[in-house]
Enquirer: 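Please read through the structure below; I'll follow up with questions.
Per chain, numbering begins at 1; letters A, B, ... match sequence-line order.
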Protein chains: 2
Amino acid sequence: MSIREVAARAGVSTATVSRVFSRPEAVAADTRHRVMTAAEELQYSPHPAASSLAGGRTGNLGIVVPDIANSFSAVVIKAVDRQARREGYALFVAGSEEVVHDEEASARALVQQVDGLLLVSPRMPDDALLALAGATPVVVLNRLLDGIPAVLTNLYEATRHAVEHLHALGHRTVVYLAGPDGYPNDVRLRGFRDACGRLGMEGSEIGPFAARFQAGVRAADLVLATSATAVVAYNDDIGVGVINRLADRGVHVPADISVVGFDDTQLAEVVTPRLTTVRIPAADAGTAAIEMLLDLVRGRDVTVRSPRQVSAELVVRSSTGPVRAVASAAGQDPAP
Amino acid sequence: MSIREVAARAGVSTATVSRVFSRPEAVAADTRHRVMTAAEELQYSPHPAASSLAGGRTGNLGIVVPDIANSFSAVVIKAVDRQARREGYALFVAGSEEVVHDEEASARALVQQVDGLLLVSPRMPDDALLALAGATPVVVLNRLLDGIPAVLTNLYEATRHAVEHLHALGHRTVVYLAGPDGYPNDVRLRGFRDACGRLGMEGSEIGPFAARFQAGVRAADLVLATSATAVVAYNDDIGVGVINRLADRGVHVPADISVVGFDDTQLAEVVTPRLTTVRIPAADAGTAAIEMLLDLVRGRDVTVRSPRQVSAELVVRSSTGPVRAVASAAGQDPAP
DNA sequence: TAACAGAGTGCAAGCGTTTACACGATCAGT
DNA sequence: ACTGATCGTGTAAACGCTTGCACTCTGTTA
């Protein structure tokens, strides 16, 4: 089951067999057929480790994400896996569980056995990132660093839209529930602050929280301790956690408090009330990233291209509504 | 940055350097230190492809799942990834998107570059599975096949409990919404049928459906076309889809129809009404599977052990309730 | 003191490919 | 008929590591 036995059976040299598998068009048609039948009869297929060693290409790609079980990551992975397989690559996956050290270690471990690496919302220091990018083609999703090809979302704008939406509903005091430190949180936060500033709203922040349901549950009580009438949560999981806890405490959404999330997870469509959220097209982002990576791997584009944008947008549902008329003259509630 | 340069710098042979990295205890302490400092100064680390080729071990594990973005799969992957990294293995992930051919192809592609393979709910034919298992250590999750180490859930019993629960609530006509063909669906179905038979209930089946929210939405209308008062859905996604659509059609859960799901996804706790569901401890299952696999890989246990069980259990929430008293004598509703 | 065990190290033969280079054959252009 | 491309194939040297075997030392044991 090595190349030699195929070569012997087909009456050719190992070089020819090798070429049949790597550059078939460089081999005469009849020779090629002879080799291929021999290979099939022997159930031969090239040994990946040997190919990598000799050829320098591994045929593998790698992706490292903050949390595999997180819906956003999972969808990205799925899209990437799909595309990778279609292009004949196998995919390594590693989750950093949000700890920088593991993230770096995973990436470094992978770098030797992949042809390219995709980093999702990486939190490692700039120089670590650059070092990786020096060792293998790297594309990042959700992070901006000079010299590294990136896929970004227009989350800054989308966050502003979310805040404007709340403003339009009459909210004037609003709180942002921060997620784990890093680019994705930063850009939301900037968008939030800038929008609040521009619109003259009173915006405050609590956190950081883990990007999970339970963290949202916990956050809800902190929110109630403020005078905010609306909350912008780092992601849907947190947002839904907030909604749940608010319900337990008898606070109505959106009548008493409005909630908006991020990601447009399946969750968002399914909770009661349905969650207003900023949709981030995870699958598109994943696909865009893997495409850039493949271009890079194949050396198609040595110049580092400008970051590619996928566009997030606010999806308005039922978890946001007009602020309760506290001492307002403009009461417009119909009598029951 | 090859072993030779490290050897030269440390004044030893390449064999010694190799041993320092593979069996450090076989090298004298001072030599080891010399080698390690040399390696660090040179930023050396062994080339995986070369090690695999020469040593026959890859240091990689692989997992193939039906759908990466599905919450159950994602949690399994997360648990497996965690454990694998902890043990020094890198992890390949492949999603079959529920198509048998892709599943087989992925598994076969991986088999050459891993030391062991974990298949989650595989649907490939028995002989394909056995062929794989002949080529590399294989553990399956959610499938039973003689000679292949497996991790199973006591889903048969748990399904029975679900049906008994419905029976106790007075339901007599119940429908099962099937998921994709395969072991996981089979065992639910058997449990369902047997329980219905035993309890004298009228049980029917519709499907198969894709294991997704939208499929559940679609299924809901089919359910309403029957006279069933309760539905057992293949998983939470479908169950939640059903609930959603029923709500849209003005049918109340659980007042008019009861719904139970499987998996105890985050979704289940968050929808309104909260979903009664059979909890399958995905993380435990993943961990158990990877542990078996590692034992196998390390040759600790050549005898194929009996399938390991992780235990599913019914979690009763608000989506199941007493059947509506149609023409029953035992009305017990308090007047409003 | 001889014999021997064990620890530590080096030598060198692989592991299964890829690919630069060389070679012969075929073919077009002159 | 001669030159030079072009095509198809073979030869053989890597690629970077592991490991069986042999060797040299130190101790131990008798």
Enquirer: Give the rounded distance in Å between these two atoms: CG of A:Asp30 and P of D:dG8.
Expert: 10 Å

Enquirer: Between the side chain of B:Arg308 and the main-chain N/O of B:Val151, is any donor-acceptor distance below 3.5 Å?
Expert: no

Enquirer: Test: salt bridge (Lys or Arg N to Asp or Glu O under 4.0 Å). Region: residues 99-122 of chain B. Which pairs qualify, not counting sequence neighbours?
Expert: B:Glu104-B:Arg108

Enquirer: Decide, yes or no, whether a salt bridge links B:Arg32 with B:Glu25 under the criterion of side-chain N to carboxylate O below 4.0 Å.
Expert: no

Enquirer: Nucleotide by nucleotide, 5' to 3', does protein get under 4.0 Å of the base (B), only the sugar-phosphate (S), or neither (-) in nucleotides 13-24 of chain C, counting heavy atoms?
Expert: -BBBBBB-----

Enquirer: Start with the C-alpha gap between B:Gln112 and A:Ser45, add the side-chain angles, then the distance that decides, and say whether side-chain hydrogen bond (donor to acceptor under 3.5 Å, both in side chains) holds.
Expert: CA-CA 9 Å; B:Gln112 298 191 85; A:Ser45 80; 2.9 Å; yes

Enquirer: Residues in ring pair (Phe, Tyr, Trp, His ring centres under 6.0 Å) with B:Phe21, at least two apart?
Expert: B:Tyr44

